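The structure displayed is predicted, hence computed values, not measured ones. Throughout, protein chains are lettered first and strands after them, A, B, ... in sequence-line order, and every chain is numbered starting at 1.
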There are 2 protein chains.
Amino acid sequence: MRSEVDVFREFLAHKEMRFTPEREAILAEVFAEHDHFDVEELIMRLRQKGQRISRASVYRTLALLVASGLVQEVFYEDGHMHYEHIYGHDHHCHLRCLGCRSIVEFRDPAVEEAEKRIGRGHDFATTGHRLDIYGYCRQCREKKE
Amino acid sequence: MRSEVDVFREFLAHKEMRFTPEREAILAEVFAEHDHFDVEELIMRLRQKGQRISRASVYRTLALLVASGLVQEVFYEDGHMHYEHIYGHDHHCHLRCLGCRSIVEFRDPAVEEAEKRIGRGHDFATTGHRLDIYGYCRQCREKKE
DNA sequence: TTGATATTGAGAATCAATCGCAGATGAGAT
DNA sequence: ATCTCATCTGCGATTGATTCTCAATATCAA
Ligand SMILES: [Mn+2]
Ligand SMILES: [Mn+2]
Ligand SMILES: [Zn+2]
Ligand SMILES: [Zn+2]
């Protein structure tokens, strides 16, 4: 499998855009760990590594990463968008604890199958889906008692 | 089944809040038709019926309607939140056309079952879910050819 | 009526996200 | 290496949704 760097390079080349140091650093940081981050967190992490990239460039690059399919918007919460890298991971959905806000990823064939079936039933050519399941994790349930 | 008015009245009474003319008008308008609206649309509809309610009150009342469970946030798009009334409807999810932005509602037992099963498998006490399926409707597919 | 409390509307404030633009940068071309 | 010129970046200003503040108003109970 090609690296995310190669994918992004190619995506940019195709649009006659440059693979700049800023874009490279942001890409690297986004793929440095697998989690669900927001712009503020991303900027902080870059800072801690000595990278001083402007907010505007972070937003601009994130938009490019989403357009390229390497990254996706996961959810809008606390008044702003959250992202995760998805290249190299197979499609998954999220269980979200309403207590501690923790997130558990899961993969489920029945859900994948449901997408196709429901699409067929309504004459939609489906391209994907997003499923969030809400609830309370064990810890939060025990805490409440 | 109790009317949404009764439910809201009771909800407000329980919090020692008043059922004002403004809240009544907003509630009525939200339940006047079943669709997926945003704050701007709601204000416009109220205007057209001669209601002149401040933006702040619309936002405040919408928050109360969500808290009461009569209304839910459906999706965040175009930079702002969209809502729908849900009281009196059984739970449903959405098929969303990426071409014309049209929305089709569907109910599917397999998805309901998946919520429970996945919750059990990860020791989550689930309270609900949100599933959006993306794709292209027939019209949009034909248009593209 | 009166007093206590809740509510409203208007505008200010907040905050994420986007924009405009002047100067910086980078990939050729010479 | 230098020149050229389109692309980029950072800064600051701007936009737009949502929330907040607060003075004036409305409601309820006594
Ligand atoms: Mn994830
Ligand atoms: Mn709906
Ligand atoms: Zn939890
Ligand atoms: Zn369509």
Side-chain angles (χ1 to χ4, degrees), chain A residues 5 8-30 36-47 49-68 71-84, chain B residues 5 8-30 36-47 49-68 71-84:
Chain A
V5 176
F8 197 36
R9 282 194 124 100
E10 187 170 316
F11 172 84
L12 290 171
H14 183 66
K15 307 188 72 170
E16 302 185 53
M17 298 178 84
R18 297 172 186 158
F19 186 63
T20 64
E22 288 82 2
R23 289 174 181 161
E24 181 170 16
I26 292 167
L27 174 66
E29 192 51 49
V30 163
H36 308 89
F37 61 90
D38 59 28
V39 169
E40 218 50 43
E41 286 165 20
L42 181 54
I43 288 173
M44 283 310 138
R45 286 191 209 162
L46 287 162
R47 282 258 169 88
K49 300 196 178 170
Q51 303 282 355
R52 194 56 55 94
I53 299 173
S54 76
R55 189 170 306 276
S57 287
V58 171
Y59 274 106
R60 286 185 288 230
T61 301
L62 224 26
L64 292 171
L65 289 171
V66 169
S68 74
V71 168
Q72 78 178 349
E73 300 182 336
V74 245
F75 44 75
Y76 183 86
E77 183 148 301
D78 300 322
H80 53 265
M81 188 57 70
H82 294 248
Y83 306 82
E84 70 180 335
Chain B
V5 176
F8 197 37
R9 282 195 125 100
E10 187 170 315
F11 172 84
L12 291 171
H14 183 65
K15 308 188 70 170
E16 303 185 53
M17 297 178 86
R18 296 171 185 158
F19 187 64
T20 65
E22 288 81 2
R23 288 174 181 160
E24 181 169 16
I26 292 167
L27 174 67
E29 192 52 49
V30 163
H36 307 90
F37 61 91
D38 60 28
V39 169
E40 218 49 43
E41 286 165 19
L42 181 53
I43 289 175
M44 283 309 137
R45 287 191 209 160
L46 287 163
R47 282 258 169 87
K49 300 196 178 169
Q51 303 281 353
R52 194 55 56 95
I53 299 173
S54 75
R55 188 172 304 276
S57 286
V58 172
Y59 274 105
R60 286 185 289 231
T61 301
L62 224 26
L64 292 171
L65 290 171
V66 169
S68 73
V71 168
Q72 76 178 349
E73 301 182 336
V74 244
F75 43 75
Y76 184 85
E77 183 149 300
D78 300 322
H80 53 264
M81 188 55 69
H82 294 248
Y83 305 82
E84 71 179 336

Inset, instruction - Whole angstrom is fine here: how far is it from OH in B:Tyr76 over to C1' in D:dG16? - result: 9 Å
Legend entry - B:Asp38 CG to D:dA17 P, straight-line distance once rounded to whole Å: 9 Å
Inset, instruction - Specify the separation, in whole Å, of atom CD1 of A:Ile26 and atom P of D:dT9. - result: 8 Å
Inset, instruction - Answer with base, sugar-phosphate or nothing: what part of the nucleic acid does A:Arg23 contact at a heavy-atom distance below 4.0 Å? - result: sugar-phosphate
Legend entry - Minimum-distance nucleotide to B:Arg18 side chain [options: D:dG10, C:dG9, C:dT7]: C:dT7
Legend entry - For the student: nearest non-hydrogen atoms of B:Asp38 and B:His82, plus distance: OD2-CE1, 3.8 Å
Legend entry - base_contact_polar (C:dG9 base, B:Arg60 side chain, donor-acceptor, <3.5 Å): yes
Legend entry - Nucleotide D:dG10, atom P - distance to CG of A:Leu46 in whole Å: 11 Å
Legend entry - Residue-phosphate contact under 4.0 Å: A:Thr20 side-chain N/O, C:dG26 OP1/OP2: no
Inset, instruction - Report the distance from atom CD1 of B:Ile26 to atom CD of B:Glu22, rounding to the nearest 0.5 Å. - result: 7.5 Å
Legend entry - Geometric class of the A:Phe8/A:Phe19 ring pair [parallel <30°, tilted 30-60°, perpendicular >60°]: perpendicular
Legend entry - Rounded distance in Å - OH (B:Tyr83) to C1' (D:dT18): 9 Å
Legend entry - Between P of D:dG10 and CZ of A:Arg52, the distance in whole Å: 11 Å
Legend entry - Integer-rounded Å distance: D:dA17 P and A:Met81 CE: 15 Å
Inset, instruction - Give a yes or no on whether a salt bridge exists between B:Arg55 and B:Glu40, defined as a side-chain N under 4.0 angstrom from a carboxylate O. - result: yes
Inset, instruction - Report yes if a side-chain nitrogen or oxygen of A:Ser57 is closer than 4.0 Å to either non-bridging phosphate oxygen (OP1 or OP2) of D:dG10; otherwise report no. - result: yes
Inset, instruction - Indicate yes or no for a side-chain donor-acceptor contact from B:Arg23 to the backbone of B:Thr61 under 3.5 Å, with no hydrogens or angles considered. - result: no
Inset, instruction - Would you kindly compare B:Val39 and B:Pro21 by the position of their nearest DNA chain D nucleotide and give the one closer to the 5′ end? - result: B:Val39
Inset, instruction - Send over the distance from B:Phe19 CZ to C:dT8 P, rounded to a whole Å. - result: 11 Å
Inset, instruction - Give a yes/no on whether any side-chain N or O of A:Tyr59 is located under 4.0 angstrom from OP1 or OP2 of C:dT18. - result: no
